[in-house]
Amino acid sequence: MADDISIRVVSLSEAIGALEEPSVQQLTLYIPHKDKEGKPVENIHKWIKEAQRLLSIIGGGATTMPPADGAWLKRDVDSRGELKDENIVWEKTTVIYAYIYPDRFEGNLKSLREFLHGFGRETNQGEVVFEFSGEFFKV
């Protein structure tokens with residue numbers, strides 16, 4: 001019976017008329033609107049625009065999602081007990097992503113590092129996170 005099964009491979013790019021092969025690696029930046037103390041980040045729109053610019057260079061364009069509701073535990077909280085609202089920072093987070101061109105990604109790693117570290121330092125973040133190709137990184 002198994003010999004009767006045939007698998008047909010279709011090139012979706014060719015069938016749809018895509019101009020190039022698909023990109024499979026996604027880079028996602030998370031831009032929180034509060035600092036590690038729970039205070040609003042000043043000039044958040046400046047940081048969002050800078051992230052969009054950088055991802056546009058790396059991927060040819062970037063998509064920005066409306067701010068999502070986020071929450072995270074303050075560092076000094078014991079997560080084994082019952083949590084109170086004051087133990088959690090409730091905030092908005094802007095999510096920006098792009099499907100990357102590998103050569104542009106590699107050529108802009110220094111700029112990506114500078115952005116992530118600069119955002120963390122200048123906006124008083126406890127950590128800055130990003131996602132690449134399904135893996136989650138904390139800086």
Side-chain angles (χ1 to χ4, degrees):
M1 279 284 193
D3 292 335
D4 295 332
I5 298 174
S6 64
I7 298 174
R8 185 170 179 217
V9 177
V10 174
S11 168
L12 188 56
S13 294
E14 190 175 301
I16 299 298
L19 298 176
E20 57 188 52
E21 289 302 309
S23 176
V24 296
Q25 294 177 301
Q26 180 177 318
L27 173 61
T28 304
L29 304 182
Y30 296 83
I31 310 297
H33 292 214
K34 290 187 179 175
D35 69 9
K36 67 182 179 184
E37 312 289 325
K39 297 175 186 169
V41 169
E42 292 184 28
N43 298 322
I44 190 66
H45 297 292
K46 171 195 130 184
W47 291 104
I48 292 169
K49 188 171 184 175
E50 180 62 21
Q52 291 169 321
R53 186 193 69 74
L54 179 59
L55 289 185
S56 291
I57 292 167
I58 291 171
T63 299
T64 303
M65 306 298 282
D69 289 324
W72 48 271
L73 291 177
K74 293 181 179 176
R75 287 189 182 269
D76 58 345
V77 172
D78 181 358
S79 60
R80 293 173 289 178
E82 187 175 327
L83 293 174
K84 299 176 184 172
D85 277 354
E86 60 264 19
N87 300 130
I88 300 174
V89 174
W90 306 91
E91 69 175 348
K92 298 289 185 185
T93 301
T94 298
V95 179
I96 305 165
Y97 70 92
Y99 283 89
I100 62 112
Y101 290 104
D103 57 332
R104 291 183 189 179
F105 177 71
E106 189 174 335
N108 285 282
L109 283 174
K110 182 179 177 191
S111 295
L112 178 60
R113 177 188 171 96
E114 288 172 356
F115 173 82
L116 294 169
H117 285 263
F119 176 73
R121 192 174 43 256
E122 292 179 37
T123 65
N124 193 33
Q125 298 297 311
E127 62 189 15
V128 177
V129 298
F130 70 97
E131 191 176 350
F132 178 67
S133 199
E135 295 184 307
F136 192 70
F137 296 86
K138 298 177 181 182
V139 177

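We count residues from 1, following the sequence as given.
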Apply side-chain contact (heavy atoms from CB on, under 4.5 Å) to T94 and H33, showing your working.
CA-CA 8 Å; T94 298; H33 292 214; 2.8 Å; yes

For E42, enumerate each residue passing the salt bridge (Lys or Arg N to Asp or Glu O under 4.0 Å) test, keeping only those at least two apart in sequence or located in another chain.
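Partners of E42 under the salt bridge (Lys or Arg N to Asp or Glu O under 4.0 Å) test: none.
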
I need the minimum non-hydrogen distance between [X] and [Y], along with the two atoms involved.
X: A98; Y: G59; result: CB-CA, 4.3 Å
X: Q26; Y: T28; result: NE2-OG1, 2.9 Å
X: I48; Y: I96; result: O-CD1, 3.8 Å
X: P32; Y: V41; result: O-CG2, 3.8 Å
X: D35; Y: T123; result: CB-O, 3.0 Å

Should side-chain heavy atoms under 4.5 Å link Ile, Leu, Val, Met, Phe, Trp and Tyr, which residues sit in the same cluster as V10?
none

Whichever hydrophobic residues join Y101 through chains of side-chain contacts under 4.5 Å:
none

Applying a strict under-4.5 Å side-chain criterion to I, L, V, M, F, W and Y, I'd like to know whether [X] and [Y] cluster together.
X: L54; Y: L109; answer: yes
X: F119; Y: V89; answer: no
X: Y97; Y: L27; answer: no
X: V128; Y: I44; answer: yes
X: V95; Y: Y99; answer: yes

N/O donor to acceptor pairs below 3.5 angstrom from side-chain atoms of residues 60-70, sequence neighbours left out:
unit_1	atom_1	unit_2	atom_2	d
T64	OG1	Q52	NE2	2.6
D69	OD1	K92	NZ	2.4

To the closest 0.5 Å, what do you measure between [atom1] ([X]) and [atom2] ([Y])?
X: D103; Y: I58; atom1: CG; atom2: CD1; value: 11.0 Å
X: K46; Y: E50; atom1: NZ; atom2: CD; value: 8.0 Å
X: I88; Y: L73; atom1: CD1; atom2: CG; value: 6.0 Å

Determine whether more than 12 heavy atoms belonging to other residues, nucleotides or ligands lie under 6.0 Å from atom CD of E37.
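Yes, enclosed.
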
If you draw a 6.0 Å radius around CZ in R113, do more than 12 non-hydrogen atoms from other residues or ligands fall strictly inside?
no

Donor-acceptor pair, side chain of Q125 and main chain of K34, under 3.5 angstrom
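Checking the backbone N and O of K34 against the side chain of Q125, a donor-acceptor pair under 3.5 Å is found.
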
With sequence neighbours excluded, residues passing ring-ring contact (aromatic ring centres under 6.0 Å, His included) with F115:
W47

Please tabulate, for side-chain N and O atoms in residues 129-139, each donor-acceptor pair with protein atoms closer than 3.5 Å (sequence neighbours left out).
unit_1	atom_1	unit_2	atom_2	d
E131	OE1	Y30	OH	2.7

